[in-house]
Asks: 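The following block contains the structure, expressed as structure tokens.
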Amino acid sequence: MTTRSLETLYGQLLAAYGPQGWWPLLDHRGANPTRSGALTGYHPGRYDYPRTAEQRFEICVGAILTQNTAWPNVEKALLALQRAGALSLPGLEALGEAELLTCIRPSGYYRAKARKLREWSRFCRLTGEATPSREALLGVWGIGPETADSIRLYAYGLPEMVVDTYTRRVLAGLGHLPRAAGYDEVKALCIRGLPPDAMVYQEFHALMVEHAKRFYRRGTPADPLRFGDA
DNA sequence: AACCAGGACGTGA
DNA sequence: TCACGTCATGGT
């Protein structure tokens, strides 16, 4: 098992791919895309997002819609919601059920996700501007560990490590994971190996996704970081 | 044309 | 706890 530290791995990935500009936003420059695939929402090197309550809400909605779902599908749903004026708390609450289902259908699991968005809206209305604790988020139906951590890290800028299947896949491939580890165990491993900084956490997570997409998809070459330096 | 994507919940053992 | 089924559309 390699002894390369996570911090070194982080530095290598950052040098190779550069800042990833997560979390993507539809309207971070006042742009108003009407079709999917624009992918204009990344803001590499900027860590002062979200800048508005609407952007924060958009990130939370995206975090829910992207559960086990490819981002382009989520983007379609987000664009539909934006056009319907539903990418805000009052906007989403005012949206009818049929319209909601239509908007988010491209993101898959649309009936379950519609309920999750309703539950999230209710939670937002009840908690107001207060920063939600991890425990409070986990108490919301439809929000599990990764979604809760994504909301805290990307929507609130808190130093909350996010672990997803990509992260697990890369760390397992590099030999950093002793066995089939659970979410909290992998999370603890990542926290142990990196400085407790929200910007680092954001980049690390996004870089792991990028690296996994390049080297941990079936039919892709072996990870060049797997061998070579110890 | 199968396979899978930036998970979470409900159930039974 | 834990393994397994379910939820569902769209891209490769």
Side-chain angles (χ1 to χ4, degrees), chain A residues 10 13 17 19-26 35-39 41-44 49 58-81 97-120 122-123 132 134-155 160-173 179-187 190 198 201-221:
Chain A
Y10 169 71
L13 293 177
Y17 305 139
Q20 297 299 296
W22 277 36
W23 188 280
L25 288 161
L26 294 179
R35 58 183 174 79
S36 60
L39 296 177
Y42 297 94
H43 40 84
Y49 291 94
E58 177 186 328
I59 292 172
C60 298
V61 170
I64 291 171
L65 293 182
T66 199
Q67 290 171 1
N68 199 38
T69 301
W71 183 256
N73 291 357
V74 177
E75 193 186 36
K76 288 182 173 62
L78 288 174
L79 286 169
L81 288 171
E97 193 65 16
E99 291 83 354
L100 174 58
L101 290 172
T102 299
C103 286
I104 70 174
R105 182 166 301 131
S107 70
Y109 308 115
Y110 64 93
R111 276 182 273 265
K113 284 176 178 174
R115 180 185 169 191
K116 292 179 181 181
L117 291 182
R118 295 301 193 197
E119 301 276 356
W120 174 247
R122 190 172 65 89
F123 175 79
R134 189 170 193 270
E135 290 68 30
L137 291 172
L138 291 176
V140 180
W141 189 90
I143 296 190
E146 185 191 334
T147 307
D149 291 339
S150 291
I151 287 173
R152 281 173 58 79
L153 177 61
Y154 291 107
E160 192 80 69
M161 179 65 67
V162 176
V163 170
D164 58 21
T165 55
Y166 284 155
T167 306
R168 222 192 249 86
R169 202 173 303 169
V170 172
L171 292 181
R179 55 185 176 283
Y183 186 94
D184 293 333
E185 193 176 351
V186 180
K187 179 174 177 176
C190 294
Y201 285 7
Q202 290 183 355
E203 289 297 352
F204 178 74
H205 174 229
L207 287 166
M208 294 296 266
V209 172
E210 178 60 25
H211 191 60
K213 284 180 174 173
R214 295 189 187 216
F215 297 105
Y216 289 87
R217 191 173 296 183
R218 300 176 320 148
T220 57

Asks: Say whether, by atom type as modelled, one donor and one acceptor occur between the side chain of His43(A) and the main chain of Trp23(A) under 3.5 angstrom.
Replies: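 Yes, because the side chain of His43(A) sits within donor-acceptor range (under 3.5 Å) of the backbone of Trp23(A).
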Asks: Is a side-chain donor or acceptor of Tyr201(A) paired with a backbone partner of Val162(A) at a separation under 3.5 angstrom?
Replies: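 Looks like no, no N/O pair under 3.5 Å.
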Asks: If you look only at pairs with a residue in residues 142-152 of chain A, which of them pass as a side chain to side chain donor-acceptor pair (under 3.5 Å), with sequence neighbours excluded?
Replies: Gln67(A)-Thr147(A), Arg134(A)-Asp149(A), Asp149(A)-Tyr183(A), Asp149(A)-Lys187(A), Arg152(A)-Glu160(A)
Asks: Check the phosphate of dC9(B) against Lys116(A), side-chain N and O only, distance under 4.0 Å to OP1 or OP2. Yes or no?
Replies: no
Asks: Hey, does Thr165(A) reach any base, or is it just sugar-phosphate, or nothing, if we go heavy atoms under 4.0 Å?
Replies: sugar-phosphate
Asks: Check whether any side-chain N or O of Arg111(A) sits under 4.0 Å from OP1 or OP2 of dT9(C), and answer yes or no.
Replies: no
Asks: Starting at NZ of Lys113(A) and ending at C1' of dG7(B), how long is that distance when rounded to a whole Å?
Replies: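 Nearest whole value for this atom pair: 8 Å.
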Asks: Should Trp141(A) be listed as having a side-chain N or O under 4.0 Å from OP1 or OP2 of dG10(B)?
Replies: yes
Asks: Name the nucleic acid region contacted by Gly144(A), choosing base, sugar-phosphate or nothing; use a 4.0 angstrom heavy-atom cut-off, strictly under.
Replies: sugar-phosphate
Asks: NA contact type, Arg115(A), heavy-atom cut-off 4.0 Å: base, sugar-phosphate, or nothing?
Replies: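 Result for Arg115(A) = nothing.
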Asks: Among dA8(C), dA8(B), dG11(C), which nucleotide sits nearest the side chain of Ala112(A)?
Replies: dA8(C)
Asks: With a cut-off of less than 4.0 Å, is there a side-chain N or O of Thr147(A) near OP1 or OP2 of dA8(B)?
Replies: yes
Asks: Nearest 0.5 Å please: distance from the CZ atom of Phe215(A) over to the CD atom of Glu210(A).
Replies: 9.5 Å
